[in-house]
Structures are given as C-alpha cells and as structure tokens.
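Structure, as structure tokens:
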There are 2 protein chains.
Amino acid sequence: MTNKDTDTNSAPERKRGSGVKMVYDLLRDEILDLVLPPGCPIDEVQLAERFKMSRTPIREALVRLAGEGLIATLPNRSTMVSNIDFLNLHTFFDALVLMYRVTTRLAAEHHRPEDLEVIRARQAEFAAAVQAQDALAMIATNAAFHSAIAEAGRNPYFIGLFKRLLDEGRRILRLYYQSYDDRLPQRFVDEHEDMIAVIAARDAEAADRLARTHAEQIVQQIQKLFARNDRLEIAL
Amino acid sequence: MTNKDTDTNSAPERKRGSGVKMVYDLLRDEILDLVLPPGCPIDEVQLAERFKMSRTPIREALVRLAGEGLIATLPNRSTMVSNIDFLNLHTFFDALVLMYRVTTRLAAEHHRPEDLEVIRARQAEFAAAVQAQDALAMIATNAAFHSAIAEAGRNPYFIGLFKRLLDEGRRILRLYYQSYDDRLPQRFVDEHEDMIAVIAARDAEAADRLARTHAEQIVQQIQKLFARNDRLEIAL
DNA sequence: TGTATTTTATTTGTCGACAGAAATTATCCT
DNA sequence: AGGATAATTTCTGTCGACAAATAAAATACA
C-alpha cells in the first residue's frame, strides 16, 4: 500500500486554480450522465477525501453547480442532485424548440466560414454515432452539433440558455434511451444536412422553418418514449 | 468611536446562513445601480472587514455573482465588475425583444386570476414613477412589471433569461438616463395597459404583437440615447 | 406500549492562518 | 542611465478546525 508520494510530506501535485474546475467538470458530467441520479445526496466530506483536497474548493464547485440549477441545497442540511420536473416538461419543450429555431436562424445570418467547418465536423460525429447505433453517443454528438450552430449565431444570451437546455435534455434522455430500435436517427442525420445547407445559403427563413420541424420531431420522439414508459411505471 | 458591541467579545448578531445572501443581494444591487461601476475592482479583504465577516462567505457570494456574469475574475488576480459589451449590444436587443414577446404570449396563455392583480399593481407603480418623472424608479418599476408578466407565463427557463436581461438593461440604462425630457414614458404606460388587456383576454397573438412593438419602441429609445451620447463621447 | 424530551451524532457554515502567484518596487550589472 | 534581475508586497486559493443547526438515537414518562 505504498503511495507514490513517499517523500517528506504531502505532495499536492496540482496547479493552484485547477482543483475547483476539475471537481466542477467531473461532478457536472456525473450528474448529466446520471452516474449521480436525481435526488442523490451530495456529501462534502466524502467528496473532499475522494479528491484529496479540502472542503473549500469542493464547496465552491457545488455553489457553481447550484447556480446552474444542477444541484439543490437545503439550508444547513443536505444538498442533493436536482430532480427533474416531469410535471412541467412542456416548459422545457417550449424553450427547447424556440432556442433551436432562434440559434439556427442567427447562425444563417451571422456565421463565418470557419463556423461551417466546425458544424460539419460535429455532424460527421453525429452520423458516426448513428451508424454505430450508439444511443448515448447520439445524444452527446447531437447536442454538440446544435451547440456549434448556436455558437455560429454569436448571441451569448441564447447560447447560454440553449446549452443549459441541451444539458437538461441530456439528463432526461439518459433516463429513457437504452437502445435504438427504429429508423428515426437516420432522418435526423438528413435533416441536419438540410440545416447546414440553408445556413450556408444564409436563408434565415428556411433555417427557422427547418429548425422548427426538426425540434418538434425530437420533442415528439421524447414524448413517445415517455408515453411508452409511463404505462410501465404506473404499475409500480 | 465606541462600537455598539462593547461587551466581552465579538457578537455575530446574525443568523447562520444569512451572511452570504446579505452580501450577495447588496453587491448585486450596487452593481446594477452602478454604485460599483463596470471595471471596478473587488477586494475580498476590504469586503470582509466592511461586512465584519470572514472571507469565506464573501467568496461564496462572489462565486454566485460570477455565475450570473455580473463580475469577472481573472485567475489568481483581481476580480472586477463585468464590463458592458457595447460593441455587441445588438445581441442584447435581440434577446430582449424575443423574451418580451415570448413571456407576454405565455402570460396570455397561462396566467391565473391572481397573476393579473400582481401585474396591475406593478403597472400602477410604473405609472406613479412616470407621474413623478423619476427616471430611476421608471427603470426599476418597468422591469418589475415585465417580470411579473413573465412569472405569469410560468416558464422558468424564459423567466431566468428574461430577468437576467432586465438586470443588464437596468445597468445599461443607468449609464444614460439622468432625466426624462420627452413624452415617451406616457406612451409606455398606455402600451402597458393594452398589454394587460390582451393578456386578460387570453389573446396570445395580440400579446405577441403588442409586446414586439413595445419592445422595439424601447430599444429604439435606448439607441437614440446612445447616438446622442456617442457624439459627445467621441470628443474625448 | 406509545409519545414527549433529552442526548448524541452528523453535516454544514464560518473562521483565522498559511502558502502560492502575479504585480510592484528595489537593486544590480553593463 | 537603461534594462534585466531580485526582493517585496499584495491578494487570492487552500487548508484544518471550531461552532451552530438539524436529524437520529436514546431515554424518560404516562
């Protein structure tokens, strides 16, 4: 059980400001991937000894996560991973569809040549995930694709909200997608290609229209999954 | 120089979790009111002795403010009040107009009777501010009015972005509004009344249309102020 | 045996202190 | 004297420890 730092005393072995970011990034991923499921209690001391650092940087990471709504903290007691509000999912869908439309429209209006390369690269990754029938990779690469489009739109306010929505969507989809059994993903690939084309053509109206139908397509897909699973869960 | 707590030792005199919130709220107000102007350096030690508490709760408040983009922090060095990006103001206007529209439309669709009472109360406060020709009160009460409409729309994602935009708008307007010299405010009062009417009538399309013209009205007003002042500032 | 009260235990919020990084000033060499 | 290097200062990031607040357990009481 000999540790690698057997010299005089404890070796931090890590740069000064990096601790918080590391904890923040890792916890964020674990929350979005449902490694830490909704409602899962978060213990500061436990995290402190897991990452081998003091509670102070842990707390800072938690405060930032709370600011994004990913964890909820009761005063003086227990902080836990935020629950997903299934009763008000329609507000999520409303916001998601609108941000799909707005960001795609703005990308058509404001994109630069180098943006298109990034977008096409993301689309290739998404297509690869579909080809491989890797559902989790589809979720991630689809989010990255639309995130790249949003960046090309260059509106930080929309980018911020949209990324947050895509994160929440990642969490929701993880709950339901285990495997793909239908041919819809290939349709998404084609629609993505169409979106790239109208963005490149700087056709804002067409971009809006395509993004709208694409988004509503996805929302319908999610709702169908929910309806299917709800029938099962009611039995519990 | 005798302080009020002259007894044995230091008297905290404040509840356990309240320190962070107090510092956060106060700093937030001071930033939005430009008491702390953009670029103003923030010193943790200075704040700690000002509020008579340790640096720990101060830092937590600062982390939360940084999460909202109100302060910017360079690693290991100086944290300061965020600057206003005047070069990209159009992104702010785009987002503001869209959120005006969406929140008003959703309010028309989803409001409940008690929401209308709150909205009317805010409108009364705005009208009073216009009557008193109090420009700063107009800014605050106008934001509160539209915030109440957003709440009635009941979409937390839109509410969050909209409130953030209204905050930023409060900061921008403080820079320019010293006094009112024209009759536009009265027009805003009338438009507010029209908006309340269509919300109460649950006419979503009309709400969208009114909100749009109202928002564009305000944006034009701000841009006019900017054009006027820019001519002066160029001389510097 | 069931309920109210006290005691214990666990976890958070706050504190003072120290060490690392960058900016500032002082010193030295050519 | 001018510029490079070294010392100082100043502020942030991290740490360990303590105290308050709440939950859980134990005890007393009817």
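Within every chain, numbering begins at 1; the chains are lettered A, B, ... in the order of the sequence lines, protein sequences first and strands thereafter. Here the structure is a predicted model, which is why all the values come from computation and not from measurement.
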Listed once per pair and sorted, the salt bridge (Lys or Arg N to Asp or Glu O under 4.0 Å) pairs that draw on residues 91-103 of chain A, sequence neighbours left out
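Those involving residues 91-103 of chain A are A:R101-A:D208.
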Please determine if A:E117 and A:R120 form a salt bridge, counting it only when a charged side-chain N lies under 4.0 Å from a carboxylate O.
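Salt bridge absent between A:E117 and A:R120.
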Can a salt bridge be assigned to the pair B:E109 and B:R154 using a cut-off of 4.0 Å between side-chain N and carboxylate O?
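No, this pair does not count.
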Only pairs under 3.5 Å count here: list side-chain donor-acceptor contacts from residues 23-30 of chain B, not counting sequence neighbours, and write none if there are none.
| unit_1 | atom_1 | unit_2 | atom_2 | d |
| --- | --- | --- | --- | --- |
| B:Y24 | OH | B:E68 | OE1 | 3.3 |
| B:Y24 | OH | B:E68 | OE2 | 2.2 |
| B:D25 | OD2 | B:K21 | NZ | 3.0 |
| B:R28 | NH2 | B:D167 | OD1 | 3.2 |
| B:R28 | NH2 | B:D167 | OD2 | 2.4 |
| B:E30 | OE2 | B:R50 | NH2 | 2.8 |

When every nucleotide of nucleotides 5-10 of chain D is labelled 5' to 3' by its protein contacts under 4.0 Å (heavy atoms), B for base, S for sugar-phosphate only, - for none, what sequence of letters results?
-----B
Anything under 4.0 Å to a heavy atom of chain B counts; send over the first and last such nucleotide of DNA chain C, read 5' to 3'.
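First-to-last contact on DNA chain C, by the 4.0 Å heavy-atom rule, is C:dT12 to C:dA23.
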Quick check: closest heavy atoms across A:V81 and A:R171, and the distance to 0.1 Å?
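Result for this residue pair: CG1-NH1, 3.5 Å.
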Taking all non-hydrogen atoms of both residues into account, name the closest pair between B:A72 and B:S82 and its distance.
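Distance-wise, the nearest heavy atoms are N-OG, 3.6 Å.
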Write down the distance between [atom1] ([X]) and [atom2] ([N]), rounded to a whole number of angstrom.
X	N	atom1	atom2	result
A:F51	D:dT14	CZ	P	14 Å
B:L74	D:dG13	CG	P	10 Å
B:N76	D:dG13	CG	C1'	7 Å

Can you pull out the residues from residues 36-47 of chain B that lie within a 4.0 Å heavy-atom distance of DNA chain D?
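When residues 36-47 of chain B is checked for heavy atoms under 4.0 Å from DNA chain D, the hits, listed by number, are B:I42, B:D43, B:E44, B:V45.
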If you take any heavy atom closer than 4.0 Å to DNA chain D, which residues from residues 53-63 of chain B end up in contact?
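Here the set is B:R55, B:R59.
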Under 3.5 Å, sequence neighbours excluded: what are the donor-acceptor pairs made by side chains of residues 36-45 of chain A?
| unit_1 | atom_1 | unit_2 | atom_2 | d |
| --- | --- | --- | --- | --- |
| A:D43 | OD1 | A:V45 | N | 3.3 |
| A:E44 | OE1 | A:R55 | NE | 3.0 |
| A:E44 | OE1 | A:R55 | NH2 | 3.1 |
| A:E44 | OE2 | A:R59 | NH1 | 2.9 |

Which value, rounded to the nearest 0.5 Å, describes the distance between [X] atom [atom1] and [Y] atom [atom2]?
X	Y	atom1	atom2	value
B:I139	B:D134	CD1	CG	9.0 Å
B:D85	B:H90	CG	NE2	8.5 Å
A:H111	A:L106	NE2	CG	12.0 Å
A:L165	A:I172	CG	CD1	9.5 Å

Testing B:L47, B:V63, B:V20 one by one against B:I58 for a side chain to side chain contact (heavy atoms under 4.5 Å, CB included), which residue passes?
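Among B:L47, B:V63, B:V20, the one meeting side chain to side chain contact (heavy atoms under 4.5 Å, CB included) with B:I58 is B:L47.
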Can you list, pair by pair, the side-chain donor-acceptor contacts under 3.5 Å of residues 141-150 of chain B, counting residues two or more places apart and other chains?
| unit_1 | atom_1 | unit_2 | atom_2 | d |
| --- | --- | --- | --- | --- |
| B:T141 | OG1 | B:A137 | O | 2.7 |
| B:T141 | OG1 | B:M138 | O | 3.3 |
| B:N142 | OD1 | B:H146 | NE2 | 3.4 |
| B:N142 | OD1 | B:H192 | NE2 | 3.2 |
| B:H146 | NE2 | B:H192 | NE2 | 3.2 |
| B:H146 | NE2 | B:H214 | NE2 | 3.4 |

Please step through side-chain contact (heavy atoms from CB on, under 4.5 Å) for the pair A:N88 and A:F92, ending with a clear verdict.
CA-CA 7 Å; A:N88 290 10; A:F92 170 74; over 6 Å; no
Taking only heavy atoms on the protein side, list every residue of residues 22-29 of chain A lying under 4.0 Å from any atom of DNA chain C, sorted numerically.
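Hits under 4.0 Å, by residue number: none.
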Bend angle of the helix from C:dT1-D:dA30 to C:dT30-D:dA1 from five-pair axes at both ends, rounded to 10°?
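The end-segment axes of the helix from C:dT1-D:dA30 to C:dT30-D:dA1 are tilted 10° relative to each other.
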For A:S18, enumerate each residue passing the side-chain contact (heavy atoms from CB on, under 4.5 Å) test, keeping only those at least two apart in sequence or located in another chain.
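By the side-chain contact (heavy atoms from CB on, under 4.5 Å) rule, A:S18 matches A:R14, A:K15.
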If a pair satisfies ring pair (Phe, Tyr, Trp, His ring centres under 6.0 Å) and one of its residues is in residues 32-86 of chain A, list it, with sequence neighbours excluded.
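Of all non-adjacent pairs touching residues 32-86 of chain A, those that pass ring pair (Phe, Tyr, Trp, His ring centres under 6.0 Å) are A:F86-A:F226.
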Begin from the C-alpha positions of B:I199 and B:T104 and carry the test side-chain contact (heavy atoms from CB on, under 4.5 Å) through to its verdict.
CA-CA 7 Å; B:I199 289 173; B:T104 311; 4.1 Å; yes
With a 4.5 Å limit on heavy-atom distance, are the side chains of A:E168 and B:Y157 in contact?
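A:E168 reaches B:Y157 side chain to side chain.
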